[in-house]
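Quick notes on the structure that follows.
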Amino acid sequence: MTPALALTSLDLLGTFVFGLSGAMLAVRRDLDVFGIAVLALAAALSGGLIRDMALGATPVAALASSHYLLAAGGAALCVYFGHRQIEKLSKPVMILDALGLGLFAVTGTRKALEHGLDPLPAIVLGVLSAVGGGAVRDLLVTEVPRVLREEVYALAALLGAGIVVLGDLLALDPVIAAMAGAAAAALIRILSVLRGWQAPKPGRRD
């Protein structure tokens with residue numbers, strides 16, 4: 001498998017996983033089949049749309065082929081028919097969201113590097129790619145986006161993006177760097193929830 005194909009596969013996997021998280025949130029909010037599809041598509045595609053529009057990559061990947069729409073639609077169908085089985089997992093929405101976060105952080109950063117962006121802008125775009133889908137998903141059900149909450153979220157995406165950039169600077173295999181970055185971001189995100197880690201906040205005056 002070539003690096004380009006491997007990274008596209010990771011991007012599609014991230015699309016599917018984020019689609020599952022959006023659809024599961026719709027089920028928890030007791031939405032109908034249309035609501036499940038809308039949240040799945042919003043969560044799955046928004047991050048990639050933000051990334052590609054920022055890069056001027058047209059047509060955007062989500063519309064360049066049917067694969068991304070099929071991945072998001074497949075996620076919606078999986079949840080519609082199998083949400084009871086998925087719900088048996090511990091904190092299923094959080095775990096799926098963490099996996100999608102890591103995958104989109106690394107694929108967004110990698111694509112930015114391939115379009116000639118410097119390391120720092122590439123990291124920023126990777127983080128935006130990672131948090132965009134979850135933010136749109138949460139806003140659609142009137143939740144404060146996770147990226148703005150107390151739990152570590154954007155910092156986890158930042159770690160994953162940073163690993164990809166570091167791997168590029170060290171001329172490491174881009175697929176290995178991407179997989180390491182995605183795993184690290186997802187792990188930090190999950191641990192932050194389980195252990196109650198919080199991003200630093202300024203002191204407040206009473």
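All values below come from the heavy atoms of this structure, side chains included, with hydrogens, waters and symmetry mates left out.
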**Item:** Other residues, nucleotides, ligands: >12 heavy atoms within 6.0 Å of His83 NE2
**Value:** yes
**Message:** Less than 4.5 Å apart, side chain to side chain, heavy atoms only: is that true for Phe16 and Cys78?
**Reply:** yes
**Prompt:** Same cluster for Val27 and Leu139 if Ile/Leu/Val/Met/Phe/Trp/Tyr side chains link at under 4.5 Å?
**Reply:** no
**Fill in**
Taking every heavy atom of Gly102 against every heavy atom of Ala185, the minimum-distance pair comes out as CA-CB, 3.7 Å
**Complete:** Minimal heavy-atom distance between Ile36 and Ala76, with the atoms involved, is CG2-O, 4.0 Å
**Main-chain N/O of Gly35 paired to Asp32 side chain as donor or acceptor, under 3.5 Å** = yes
**Prompt:** Does the side chain of Pro119 come within less than 4.5 Å of Asp168's, by heavy atoms?
**Reply:** no
**Message:** Do Leu140 and Leu39 make a side-chain contact, defined as non-hydrogen atoms from C-beta onward lying under 4.5 Å apart?
**Reply:** yes
**Message:** Pair Ile50, Ser129 - check side-chain contact (heavy atoms from CB on, under 4.5 Å), show working.
**Reply:** CA-CA 6 Å; Ile50 292 170; Ser129 301; 5.9 Å; no
**Message:** Taking CG in Asp30 as the centre, count heavy atoms belonging to other residues, nucleotides or ligands within less than 6.0 Å. Is the count above 12?
**Reply:** no
**Asked** Hey, are the side chains of His115 and Pro121 touching, using non-hydrogen atoms and a 4.5 Å cut-off?
**Response** no
**Prompt:** Can you tell me how far CZ of Arg137 sits from CG of Leu25, rounded to the nearest 0.5 angstrom?
**Reply:** 6.0 Å
**Asked** Does Asp52 use its side chain to pair, donor to acceptor, with the backbone of Thr58 at less than 3.5 Å?
**Response** no
**Asked** Judged by atom type as modelled, is there a donor-acceptor pair below 3.5 Å linking the side chain of Arg110 to the main-chain atoms of Pro174?
**Response** no
**Asked** Are Leu159 and Val124 connected in the hydrophobic side-chain network, where two residues link if heavy atoms are under 4.5 Å apart?
**Response** no
**Item:** Arg189 vs Asp97, side-chain contact (heavy atoms from CB on, under 4.5 Å): CA-CA, chis, key distance, verdict
**Value:** CA-CA 9 Å; Arg189 167 63 183 153; Asp97 186 67; 4.2 Å; yes
**Message:** Counting C-beta onward and ignoring hydrogens, is there a side-chain heavy-atom pair between Met24 and Arg29 closer than 4.5 Å?
**Reply:** no
**Message:** Taking Val33 as the starting point, is it possible to reach Phe81 by hopping between hydrophobic residues whose side chains are less than 4.5 Å apart?
**Reply:** yes
**Item:** Distance, nearest 0.5 Å, that separates CG of Leu69 from CG of Leu41
**Value:** 7.0 Å
**Request:** Report the C-alpha separation of Val60 and Leu63 in whole Å, then their side-chain angles, then the decisive distance to 0.1 Å, and conclude whether the side-chain contact (heavy atoms from CB on, under 4.5 Å) test is met.
**Result:** CA-CA 6 Å; Val60 295; Leu63 303 178; 3.8 Å; yes
**Request:** Quick one: closest heavy-atom pair of Ala154 and Val147, and the distance?
**Result:** CB-CG2, 3.8 Å
**Asked** Do the side chain of Arg51 and the main chain of Leu128 share a donor and acceptor less than 3.5 angstrom apart?
**Response** no
**Message:** Tell me the closest heavy-atom pair linking Phe18 and Ala44, and the distance in Å.
**Reply:** CB-CA, 3.9 Å
**Asked** Tyr80 and Val38: same hydrophobic cluster, using ILVMFWY side-chain contacts below 4.5 Å?
**Response** no
**Request:** Could you please spell out the steps behind the side-chain contact (heavy atoms from CB on, under 4.5 Å) verdict for Leu55 and Leu117?
**Result:** CA-CA 9 Å; Leu55 290 172; Leu117 268 65; 3.7 Å; yes
**Item:** Smallest separation among heavy atoms of Ile188 and Ala156, with atom names
**Value:** CG2-CB, 4.1 Å
**Prompt:** Quick one: does Arg146's side chain get under 4.5 Å of Val131's, heavy atoms only?
**Reply:** no
**Message:** For the CD1 atom of Ile190 and the CD1 atom of Ile95, what is their distance to the nearest 0.5 Å?
**Reply:** 5.5 Å
**Request:** Working to the nearest 0.5 Å, report the span between OG1 of Thr109 and CD of Glu114.
**Result:** 11.0 Å
**Item:** Closest heavy-atom pair and its distance - Gly181, Val106
**Value:** C-CG1, 3.5 Å
**Prompt:** Can you tell me how far CE of Met94 sits from CG of Leu99, rounded to the nearest 0.5 angstrom?
**Reply:** 9.5 Å
**Prompt:** Same hydrophobic cluster for Leu148 and Val127, using side-chain heavy-atom links shorter than 4.5 Å among ILVMFWY?
**Reply:** yes
**Prompt:** Out of curiosity, Leu12 CG to Tyr68 OH, how far, rounded to the nearest 0.5 Å?
**Reply:** 4.5 Å
**Request:** May I ask you to list the residues sharing a hydrophobic cluster with Leu172, side-chain cutoff 4.5 Å, ordered by chain and number?
**Result:** Leu166, Leu170
